[in-house]
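Not measured: the values here are computed from a predicted model. This chain uses plain numbering: 1 for the first residue, then up along the sequence. When reading the values below, keep in mind they use all heavy atoms of this one structure, side chains included, and skip hydrogens, waters and symmetry mates.
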Amino acid sequence: MHCVPSPAAPPDLHTPGPPGGALRHDRPVARESVHKSASTEVLLTDARHLGEDRFAVAVRLPREQFITADRPVEGALDPVLLAEAARQAAIHLSHRFHDIPLGHPFVLGEVAVELDEPLPPSAHATLEARCRRTAGNPRRARLELEATVWAAGRAAGRARVLWEPMEPRRYAVLRKRGAAQPPVVSGPAHAAAAGAALLPPARVGLWRDRDVLLASDTERSGRWWLRLDAGHPVLFDHPSDHIPGMALVEAFRQAAGVAATHGAVGPARVRDIGELTVAYDSFGEPDLPVAITLEPHGAGAREPHDEHARLVHLTATQGDRTLARARIRCGTPGRARRRTGAAC
């Protein structure tokens, strides 16, 4: 479970775009409308209501954004960056078109992306989205976004987000209850986390130590310990009373790459993913160790229809509490045969 706190309201979130309804790409939306403190972290530039529950959302995907790969000027754009863009779209559409007041925290339930081909090296993309409420009670509104991702004139994949806006008072009660009953972390787990060594950046396809979120467990293979820098300009754009949801997404992706490649390919391939789904179960407390564990049924098994792809299942736990679960298909997007019937 992950909450996105909402800052105070800006003067106007409804600045119109150019005549004719064309999406604009020349400036970001108000940072408050996507719950960001720095305007440089805003990935949306516009949104349009197309009728009923249909929307078009303009997205900018700069290469230097989020976690920068070892070769930021080469290859395709980062699918985890797309997941962050979909998350921001969910927040923005909630405030602008679903009457969710600014100041309401958002609890993230699931984020997913699936790519049919690598995202092209373009700075702009469009989400053709359906955003709807799945619960009618305004005091307990749950929402869902399903989107087709358009880039360079082609449908490149899909994204999906589930979330729940909360009244500030209800959120405060929820977090107070969690703080009163923290996860039970054993002494050996504390010791294992303390003794774990940060993975080399190249092992997870990165080039900066600060972006590496995993430390290796010397006692158990297939388990890593989460390492977070509260001063990270992207993952901690604003203060948080819990572990950010997108930090777990990136940690899962790093662990999946390590598990799937076993060091057999170069760093550039470690970050290749075609599908990612992360479901959140509970809040993670920032002062307790978190284990990222490879599940036995997902130990880098090859997909039956694609010898190049490996399907990995991972779990993030904090003591006796499950924080989140991930399903990741590693490998170059587009190799696997496209499935039908699933949004992401």
Side-chain angles (χ1 to χ4, degrees), residues 2 66-70 75-84 86-87 110-115 118-119 157 159-160 196 198-206 211-217 220-228 235 243-281 284 290-317 322-336 344:
H2 167 62
F66 206 65
I67 304 293
T68 304
D70 65 327
L77 289 169
D78 187 355
V80 173
L81 181 62
L82 173 60
E84 168 62 10
R87 188 188 72 92
E110 182 179 302
V111 61
V113 295
E114 182 179 8
L115 299 179
L119 290 171
R160 182 170 185 256
L198 193 71
L199 293 179
R203 187 64 190 88
V204 290
L206 298 172
D211 293 336
V212 179
L213 305 186
L214 300 180
S216 59
D217 191 312
R220 177 178 170 182
S221 63
R223 183 172 72 177
W224 303 267
W225 294 96
L226 185 66
R227 287 288 187 267
L228 291 177
L235 297 176
I243 295 171
M246 287 306 296
L248 291 177
V249 172
E250 175 60 22
F252 280 136
R253 190 260 290 277
Q254 292 182 18
V258 173
T261 62
H262 302 292
V265 298
R269 291 292 309 278
V270 174
R271 296 178 67 78
D272 284 352
I273 58 174
E275 179 183 350
L276 177 149
T277 300
V278 176
Y280 299 91
D281 294 295
V290 172
I292 307 294
T293 305
L294 179 67
E295 296 301 322
H297 64 286
R302 293 188 185 276
E303 292 253 65
H305 59 277
D306 181 10
E307 65 178 5
H308 299 283
R310 290 181 178 272
L311 189 63
V312 176
H313 293 261
L314 298 145
T315 304
T317 56
T322 298
L323 305 185
R325 294 158 286 117
R327 178 186 187 275
I328 300 176
R329 176 164 51 85
C330 300
T332 303
R335 287 186 181 271
C344 57

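Nearest heavy-atom pair, C330 versus V312, reported as atom, atom and distance to 0.1 Å: SG-CG2, 4.1 Å. Nearest heavy atom pair, residue M246 against residue V80, reads CE-O, 3.9 Å. Nearest heavy-atom pair, L206 versus V212, reported as atom, atom and distance to 0.1 Å: CD1-N, 4.1 Å. When all heavy atoms are compared, the tightest approach of A291 to R223 is CB-CD, 4.0 Å. Scanning both residues, R227 and A196, for their nearest heavy atoms gives NH2-O, 3.2 Å. Minimum heavy-atom separation, I273 to P79: CG1-CG, 3.5 Å.
Residues that satisfy the side chain to side chain contact (heavy atoms under 4.5 Å, CB included) test with A255, not counting sequence neighbours, are L214, W224, I292, L314. Residues satisfying the side chain to side chain contact (heavy atoms under 4.5 Å, CB included) test with S216, not counting sequence neighbours, are A197, L199.
In this structure, L294 and H313 have side chains that are not in contact, with every pair of non-hydrogen atoms separated by 4.5 Å or more. Between V278 and F252 the shortest side-chain heavy-atom distance falls below 4.5 Å. Using a 4.5 Å heavy-atom threshold, the side chains of L248 and I243 count as touching. Between T277 and R160, every side-chain heavy-atom pair lies at or beyond the 4.5 Å cut-off. Contact annotation: the side chain of E275 never approaches that of L115 to less than 4.5 Å [non-hydrogen atoms, C-beta and beyond].
Checking each of L226, T315, V290, T317 against L323 for a side chain to side chain contact (heavy atoms under 4.5 Å, CB included) leaves exactly one that passes, namely V290.
Side chain of Q254 to main chain of L213: a donor-acceptor pair is present (N/O by atom type, distance under 3.5 Å, no hydrogens or angles). Checked by atom type and distance alone, the side chain of R329 never pairs as donor or acceptor with a backbone atom of E114 at under 3.5 Å.
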